[in-house]
There are 2 protein chains.
Amino acid sequence: MELDERKVIILKTIIKNYLETGEPVGSRTISKFSGLNLSSATIRNEMSDLEEMGYIIQPHTSAGRIPSDKGYRFYVDSIMQDSDRRVNEATELMVQRVDKLEMMLKQLVKLLAVDTNYAALISGPSLTENKIKYLQLSQPAEKKLLLILVLEGNIIKNEVISIDEDLDHETVLNLTILINNYISGLSLKDISPKLITSIMVQSSGHGETIKAVIDSVVDMIEADVDSREIFTSGATNIFKYPELSDVDKASKLISAFEEKDSLKELVQEVSDLSRDENSSGLQVYLGGEGPIKNMQDCSLVTANYELGDGLRGVIGVIGPKRMDYEKVLGTMENLIKQLDKAYKDDKEKR
Amino acid sequence: MELDERKVIILKTIIKNYLETGEPVGSRTISKFSGLNLSSATIRNEMSDLEEMGYIIQPHTSAGRIPSDKGYRFYVDSIMQDSDRRVNEATELMVQRVDKLEMMLKQLVKLLAVDTNYAALISGPSLTENKIKYLQLSQPAEKKLLLILVLEGNIIKNEVISIDEDLDHETVLNLTILINNYISGLSLKDISPKLITSIMVQSSGHGETIKAVIDSVVDMIEADVDSREIFTSGATNIFKYPELSDVDKASKLISAFEEKDSLKELVQEVSDLSRDENSSGLQVYLGGEGPIKNMQDCSLVTANYELGDGLRGVIGVIGPKRMDYEKVLGTMENLIKQLDKAYKDDKEKR
DNA sequence: GTTAGCAATCGAGACGTTGGAGTGCTAACA
DNA sequence: TGTTAGCACTCCAACGTCTCGATTGCTAAC
C-alpha cells in the first residue's frame with residue numbers, strides 16, 4: 001500500500017491533534033479538522049489503512065488512534081524538512097553576552113525551559129580543541145602548587161596539587177616562564193610525552209614538579225570531557241504531562257536531572273552522534289532510540305551551540321513523546337542563531 | 001491535666017509507630033506494643049486525654065490517632081535530650097579528606113542522602129570571615145584583567161573583569177605586589193573604603209584599575225554569602241513517602257532542589273538562627289516552623305559543619321514530617337564528628 | 001482504676017450500572 | 001470505484017451502592 005497525499009494529511013492531522021490533547025483521536029475529529037471534506041466513515045477506512053501500515057495504533061478497540069513510533073518519526077522528519085519553521089518572533093529571546101560563562105549557561109537553560117515548558121539541559125563547552133593561553137603558578141602553602149590555566153575564550157580552570165619539594169618564589173616564577181614557553185598556544189592533542197620530556201630536561205632539577213604540573217594541566221582539560229558541567233532547568237515541568245507524572249517515570253527522570261551522571265553520558269553520546277551532521281545540528285530522538293533508550297515515553301531534542309572562539313557544546317530539551325516538536329525546534333533554532341549572532345557582533349566590536 | 005509517665009510512654013509509642021507506618025495508630029496497637037500491660041480500653045481513655053491536651057489528633061472519627069505538631073515537638077525535644085543517641089556504628093561513614101572541596105561536598109551530601117533515604121543538602125562554606133592569602137593578577141586579553149583570589153583554606157576564586165586602560169606586563173606585576181601588600185591577611189570586614197583610598201593613592205595613576213580590582217575582590221567574597229553554592233542529593237527520595245508524592249507537593253519540593261534559590265534562603269535563615277546555639281548545632285524544624293513555613297508536611301534537620309581552617313557551613317536533611325528523627329540525628333551527629341576528626345588529624349599531620 | 005462488651009462511625013475497596021465515544025461492517029448512492 | 005449513512009458492537013471511565021474492617025466512645029461490671 002502506498003502513502004498517498006490524502007493519507008499524509010490524515011496522518012499529520014491525527015498526530016497534531018494527539019500532540020495537543022494527549023488523547024486518542026477518533027475519525028469524527030479528523031473529519032472535522034483535516035480540511036478534507038470527507039465523512040468520518042471514509043476517514044475510518046483510511047485510518048484502518050494507516051494502522052495496517054504501522055503509522056498509528058489503537059490502544060483498545062473502542063478508542064481512537066495514537067501515533068506509533070513510525071508515525072512520530074515520519075512526522076518529525078517531515079517538519080524537520082520544512083525549512084520555513086515558524087520562528088517564534090513573539091518570544092524574542094533575550095540572548096546577551098554575560099561575562100561569566102557559568103551564569104550565561106544557567107540563564108540560557110532556564111530560558112529554554114520556561115519557553116518550552118519542558119525540561120532543558122545544557123552542557124558546558126568542550127575544551128579539548130581549545131588552545132591554552134597561559135598558565136600561572138603560585139604557592140598557597142608549603143609543598144602545594146596552585147595552577148591557574150587560562151584557555152582561549154578566557155575559560156579559567158584552577159587546581160591545587162601537592163608536590164614533593166619546596167620551591168622559593170623565584171623558582172616558581174622561572175618554572176612558570178619555562179612551561180609557558182612550551183605550552184602556550186597548544187591544545188590538548190599537542191601535548192605529547194615527548195614534549196613533556198623536553199620541558200623536564202630544561203627544568204634544572206625540578207623535573208618531577210614539572211611533570212606533576214603538566215599532568216595536572218592535561219587532567220584539567222581532559223576532565224572536562226567526561227565531567228563536563230551540565231546545567232539543567234525545569235525538571236519539574238514534566239509534572240505537567242500526565243503520561244510522565246507517575247511516580248516511577250517521574251522519579252527516574254528527575255533523579256537523572258539531579259545526579260547529572262546519566263545526562264553526561266547522554267551529552268557525550270549526542271555529541272558523538274551529531275559530529276558529522278546537518279548544518280543546524282538539530283536532532284530529535286524519540287523515546288527508546290539511541291541516547292534515550294531507557295526513557296520510553298520521552299523525546300529528546302538537541303542542538304549544538306557555538307560561542308565564537310570554537311567553544312562548542314550541546315543544548316537539549318526533554319519532554320514527553322507527544323511534545324510540541326514544531327515549537328521546540330523553532331525555539332532552539334532561534335536560540336542557536338541568536339547566540340551565534342551575539343558572539344559574532346561581539347567579535348566584530350572587539 | 002498533667003502529662004504523667006504513663007501518658008508519655010503511650011504518646012511516644014504512638015509517635016514511633018506512626019513514624020514507621022505512616023498510618024494512624026489505634027488503641028489496640030498501643031496495647032500490644034507499649035510494654036504497659038493495659039487493655040485497649042484503658043489506652044483509649046488515655047488517648048482521649050492526650051487528644052484533649054493537644055498532643056495527638058484524630059483524622060476522622062473511626063481512625064486511630066496521629067501526632068499533632070505539639071506532639072512532634074515534644075517527641076523531637078525528648079530525643080534531642082537523650083544524649084545517648086545510638087550512633088550508627090554500622091554505617092561507619094567513610095569521611096576522608098578530598099583535595100577538591102567541591103568534590104568533597106558532593107560526596108558528603110550524597111552519603112547523607114543515601115544513608116538516610118531523605119533529601120539532603122549542603123552549603124559551601126561561608127567565606128566572609130576567611131582571610132585572604134594573596135591575590136594574583138594577569139592579563140588574558142586587552143583591557144581585561146584576570147583576578148585569582150586565594151583564601152585561607154586554599155579556597156580559590158577567579159574572575160575576569162574589564163578595565164579602561166591597557167597595562168604592560170610589568171605594571172600588572174607592580175600592581176599585584178602593591179595590592180597584596182595591603183590586603184593579604186585581611187578578611188572581608190577589614191576592607192574599608194579608607195583602605196581602598198590609601199591603596200589608590202599609591203598606585204601612580206592606576207587608581208581606577210585598583211578600585212575595580214578591589215571592588216571585584218569584595219564582590220567575590222561577598223557573592224559567596226548570598227549565592228553560596230549549594231549541593232543536593234536524593235531529592236527523589238521523597239517519592240518513597242506517599243504523603244509527599246502527590247504532584248503538587250513533590251513538584252514544589254523538587255523544584256526547590258533544582259533551582260537552588262529557595263534553598264539558599266533557607267540556609268541563610270538556618271545559619272542566622274543557629275548562630276548562638278547549643279554545641280552540636282543540631283536543629284529540627286517541623287513543617288510550618290521558621291525556615292520551612294511553606295512546606296507543611298516536611299521536616300528539616302540541620303547541623304553546622306566545620307572543616308578546620310574556620311570554614312563553616314550548613315548541612316541538612318529534608319524529609320516527611322514523620323521522618324525517623326532518631327536515625328537522622330544520629331547520622332548527622334556522626335557525620336559532623338567524623339568530619340571534625342578527619343580535619344583535625346590532617347592538621348596534626350601537616 | 002481497669003476492663004469487657006457493644007453500638008456507632010467512617011473510609012477503602014469491590015461490584016455493578018450506565019453513557020459516551022469510537023469502531024467495523026454492510027448496503028446504498030454518485 | 002470511491003464515498004457515505006446507518007447500525008450493532010465494544011470498551012473505558014465515571015458514578016453510585018454496598019460491604020467489610022478498623023476504630024472509637026460509652027456503659028456496666030470487676
Side-chain angles (χ1 to χ4, degrees), chain A residues 1-11 13-15 17-18 20-68 71 242-243 245-246, chain B residues 1-11 13-15 17-18 20-68 71 242-243 245-246:
Chain A
M1 208 177 319
E2 195 197 350
L3 199 61
D4 58 28
E5 195 176 343
R6 196 170 76 179
K7 283 196 172 58
V8 170
I9 294 178
I10 293 174
L11 178 55
T13 313
I14 293 174
I15 299 182
N17 211 284
Y18 179 70
E20 270 175 42
T21 64
E23 310 256 295
V25 201
S27 52
R28 276 199 70 214
T29 318
I30 304 302
S31 152
K32 271 187 273 179
F33 292 118
S34 67
L36 305 164
N37 254 346
L38 294 175
S39 77
S40 62
T42 313
I43 304 288
R44 276 205 288 284
N45 291 328
E46 296 285 41
M47 282 168 87
S48 181
D49 290 350
L50 284 170
E51 183 164 13
E52 205 179 314
M53 292 155 80
Y55 288 105
I56 51 181
I57 294 173
Q58 217 173 355
H60 55 261
T61 335
S62 75
R65 308 299 216 284
I66 61 172
S68 68
E243 65 265 48
S245 306
D246 70 291
Chain B
M1 208 176 321
E2 195 197 349
L3 200 61
D4 58 28
E5 196 176 343
R6 196 169 76 178
K7 283 197 173 56
V8 170
I9 295 178
I10 292 174
L11 179 54
T13 314
I14 293 175
I15 299 183
N17 211 285
Y18 179 70
E20 270 174 41
T21 64
E23 310 255 296
V25 205
S27 52
R28 277 200 71 215
T29 319
I30 305 301
S31 154
K32 272 186 273 179
F33 292 119
S34 68
L36 305 165
N37 254 345
L38 293 175
S39 78
S40 62
T42 313
I43 304 287
R44 275 205 289 285
N45 292 327
E46 295 286 40
M47 282 168 86
S48 182
D49 290 351
L50 284 169
E51 182 164 13
E52 205 181 315
M53 292 154 79
Y55 289 104
I56 51 180
I57 293 173
Q58 216 174 355
H60 53 261
T61 334
S62 75
R65 309 298 216 285
I66 60 173
S68 69
E243 66 265 46
S245 306
D246 70 288

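A quick note: this is a predicted structure, and the numbers were derived from the prediction, not measured. The sequence lines fix the lettering, A, B, ..., with proteins before strands; numbering per chain opens at 1.
The partner of D:dC30 is C:dG1, judged by Watson-Crick or G-U wobble contacts that both fall below 3.5 Å.
Looking only at distances, a side-chain donor or acceptor of B:T13 sits under 3.5 Å from a matching main-chain atom of B:I9. Between the side chain of A:S31 and the backbone N or O of A:S39 there is no donor-acceptor pair closer than 3.5 Å.
Looking at the side chain of B:T61, the nearest of the listed nucleotides D:dT4, C:dT9, C:dT3 is C:dT9. Side-chain proximity of A:Q58 to the nucleotides D:dT24, D:dA5, C:dT23 is greatest for C:dT23. Checked against C:dG22, D:dC12, C:dG11, the side chain of A:T29 finds its nearest nucleotide in C:dG22. Side-chain proximity of A:R65 to C:dT2, C:dT23, D:dT3: nearest is C:dT23. Of the candidate nucleotides C:dG24, C:dC10, C:dT2, C:dG24 has the atom nearest to the side chain of A:E51.
With rounding to the nearest 0.5 angstrom, the CD1 atom of A:I56 is 9.5 Å from the CG atom of A:D49. Note: A:Y55 OH to A:L3 CG = 4.5 Å, rounded to the nearest 0.5 Å. In this structure, A:I10 CD1 and A:E46 CD are separated by 4.5 Å, a value rounded to the nearest 0.5 Å. Summarising the geometry, atom CD1 belonging to B:I30 is positioned 11.5 Å from atom CG belonging to B:L38; distances are rounded to the nearest 0.5 Å. Remark: A:I43 CD1 to A:R6 CZ distance equals 7.0 Å, nearest 0.5 Å.
What separates CD of B:E23 from C1' of D:dG21 is a distance of 13 Å, to the nearest Å. The distance from atom CZ of A:R28 to atom P of D:dT4 is 14 Å, rounded to the nearest whole Å. Between the NZ atom of A:K7 and the P atom of D:dG2 there is a distance of 10 Å, rounded to whole Å. Rounded to an integer number of Å, the gap from B:I43 CD1 to C:dT2 P is 10 Å. The interatomic distance linking A:H60 (NE2) with D:dC9 (C1') rounds to 14 Å, in whole Å. The interatomic distance linking B:D49 (CG) with D:dT24 (P) rounds to 14 Å, in whole Å. Regarding A:I30, its CD1 atom lies at a distance of 15 Å from the P atom of D:dT4, rounded to whole Å. Distance, A:D4 CG to D:dG2 P: 11 Å, rounded to whole Å.
Residue B:S27 places at least one side-chain N or O closer than 4.0 Å to OP1 or OP2 of D:dT24. Under 4.0 angstrom from either OP1 or OP2 of C:dT3 there lies at least one side-chain N or O belonging to B:S39. Dashed line: the shortest gap from a side-chain N or O of B:T42 to OP1 or OP2 of C:dT3 is under 4.0 Å.
Residue contacts shown for B:S48 are absent, as no nucleic acid heavy atom lies under 4.0 Å away.
When the nearest nucleotides of DNA chain C are assigned to B:R6 and A:S62 by heavy-atom distance, the more 5′-ward of the two goes with B:R6.
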* Under 4.0 Å protein heavy-atom contact, by nucleotide of nucleotides 25-30 of chain C - B base, S sugar-phosphate only -> B-----
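More than 12 heavy atoms of other residues, nucleotides or ligands sit less than 6.0 Å from atom CG of A:D4.
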